[in-house]
Protein chains: 2
Amino acid sequence: MSTERLNSLKKFFKKYRRLPSYSEMLGIFGFSSKNAVFKLINKWVSDGLLTKIDGKLAPSSRFFALPLLGNIKAGYPILAEENKQYLTIDDYLINDPTSTFLLKVSGDSLIGVGIFDGDIVVIESKKQANIGDIVLAQIDREWTLKIFKKDRMKRISYLEAANPKYPAFYPREDLQIFGVVKAVVRKLN
Amino acid sequence: MSTERLNSLKKFFKKYRRLPSYSEMLGIFGFSSKNAVFKLINKWVSDGLLTKIDGKLAPSSRFFALPLLGNIKAGYPILAEENKQYLTIDDYLINDPTSTFLLKVSGDSLIGVGIFDGDIVVIESKKQANIGDIVLAQIDREWTLKIFKKDRMKRISYLEAANPKYPAFYPREDLQIFGVVKAVVRKLN
DNA sequence: AATTATAGTAAACATTTGTTCACTGTCAAG
DNA sequence: CTTGACAGTGAACAAATGTTTACTATAATT
């Protein structure tokens with residue numbers, strides 16, 4: 001099976017963050033002719049695992065992507081090949097890497113929206129937010145992660161926790177937004 | 001500033017999933033001499049953004065990684081350079097890509113542990129689980145995502161929801177584990 | 001038994017690659 | 001005003017790259 005060879009290619013990419021050259025692939029695949037490499041690579045290209053754009057070889061997104069299985073209630077054959085999508089978590093969660101950063105959450109102020117102590121949130125830097133967004137903000141010079149709200153006349157912005165334990169936070173002086181939470185990531189164990 | 005040039009390099013990598021050749025970089029960076037490219041690349045190599053392993057150029061992990069900010073309660077200068085770590089979400093969450101897959105969660109049976117309808121869980125294929133693990137399992141031939149438990153004598157395995165609405169699930173016939181949830185991912189909006 | 005596809009070897013080759021060397025203009029520091 | 005560092009040009013080049021062509025052995029199909 002060439003699945004093993006594909007896995008060794010993936011392993012190489014994972015380790016070196018690039019595709020090996022054909023000469024290197026000789027060793028990786030156990031070939032002694034570059035033509036064998038050439039043919040195998042082209043097979044993967046037509047399979048959609050790799051791409052060649054004017055002669056330049058690169059992995060396609062399918063190369064990295066993990067299978068995404070749909071609704072498990074949908075029935076029995078959830079592991080069937082047909083309803084597989086593929087995605088990379090990074091690509092799924094992050095639009096613009098240059099304006100995105102991560103923040104390790106501490107505290108229980110957002111448990112109501114399913115964000116727990118130790119979770120990592122993906123934040124996109126921006127100065128404006130919509131009502132209901134979870135924002136990283138500075139309220140009276142103190143940093144915090146809360147829900148962005150406006151009073152009913154939409155005159156005053158304030159922050160709210162997602163935990164009945166905490167009151168609403170109205171700024172005494174000012175409220176500055178630095179970013180909006182786009183995603184939540186939790187590692188178990 | 002060469003930050004802009006670095007961003008255009010990142011943009012290229014994001015688009016083509018490989019680094020451009022030096023000739024291609026001419027256009028990307030706006031140089032007309034490959035030597036200018038050469039020097040810039042070497043600067044990035046010594047900055048730790050790229051690596052050269054016997055002449056082969058590749059991005060280092062810092063190239064992709066997003067800054068991870070620590071505890072926001074720690075005080076004022078959370079955006080300071082010092083306490084920055086860098087990580088890629090994929091690398092953070094996924095150990096062995098070959099045995100990992102994703103599953104879109106439906107239903108409210110795990111809200112107690114902060115897993116909501118529409119979340120994506122990262123599952124590692126395995127047949128065994130520890131008590132308390134969230135598992136993808138087949139209970140009496142029906143697929144489900146629940147918490148793995150054993151009764152107090154540790155004789156019988158069963159499944160439990162994280163929602164008082166649902167009872168415990170004791171298998172009539174058999175209970176087969178297919179994978180263990182390693183992480184939870186939620187995209188907002 | 002003959003035929004054909006498949007998987008690989010081996011050698012040859014034009015093209016492109018990353019690197020090096022010599023040089024130029026600009027700007028800040030002594 | 002000179003000096004040295006910095007950022008970039010331009011040309012030259014050995015080494016490596018991906019591709020092509022011709023050939024072989026094995027297995028599968030007719």
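Quick caveat: nothing in here was measured; it's all calculated off a predicted structure. Proteins get letters first, then strands, A, B, ... in listed order; numbering begins at 1 in each.
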A:Tyr158 six-ring centre to A:Lys150 NZ/CZ under 6.0 Å and within 45° of normal:
no
Using a cut-off of strictly less than 4.0 Å between a heavy atom of the residue and any atom of DNA chain D, enumerate the qualifying residues of residues 39-63 of chain B by number.
B:Lys39, B:Lys56
Can B:Lys56 be said to sit on top of A:Tyr16's aromatic six-ring, NZ or CZ under 6.0 Å from centre and within 45° of the ring axis?
no
Smallest heavy-atom separation, B:Asp119 atom then B:Arg186 atom, equals OD1-NE, 3.0 Å
Dump the intermediate steps for ring-ring contact (aromatic ring centres under 6.0 Å, His included) on B:Phe64 and B:Phe13, then the final yes or no.
CA-CA 9 Å; B:Phe64 308 99; B:Phe13 199 103; 5.1 Å; yes
Below 4.0 Å: OP1/OP2 of D:dA16 and any side-chain N or O of A:Ser21
no
Protein and nucleotides 10-13 of chain C: nitrogen or oxygen contacts under 3.5 angstrom:
from	atom 1	to	atom 2	distance (Å)
C:dA10	N7	A:Ser33	OG	2.9

Whole-Å distance, A:Tyr22 OH to C:dT15 P, equals 18 Å
Among C:dG8, C:dT20, D:dG18, which is the nearest nucleotide to the side chain of A:Phe31?
C:dG8
Between A:Leu66 and B:Pro97, what is the shortest heavy-atom contact and its length?
CD2-O, 3.6 Å
Check: B:Ile28 and B:Ser8 side chains under 4.5 Å, non-hydrogen atoms:
yes
Distance check: side-chain N/O of A:Arg5 vs OP1/OP2 of C:dA7, anything under 4.0 Å?
no
Short N-O contact, A:Lys11 and A:Glu4, less than 4.0 angstrom
no
Ion pair check, A:Arg18 and A:Glu24, cut-off under 4.0 Å
yes
From CE of B:Met25 across to C1' of C:dT17 the rounded distance in Å is 11 Å
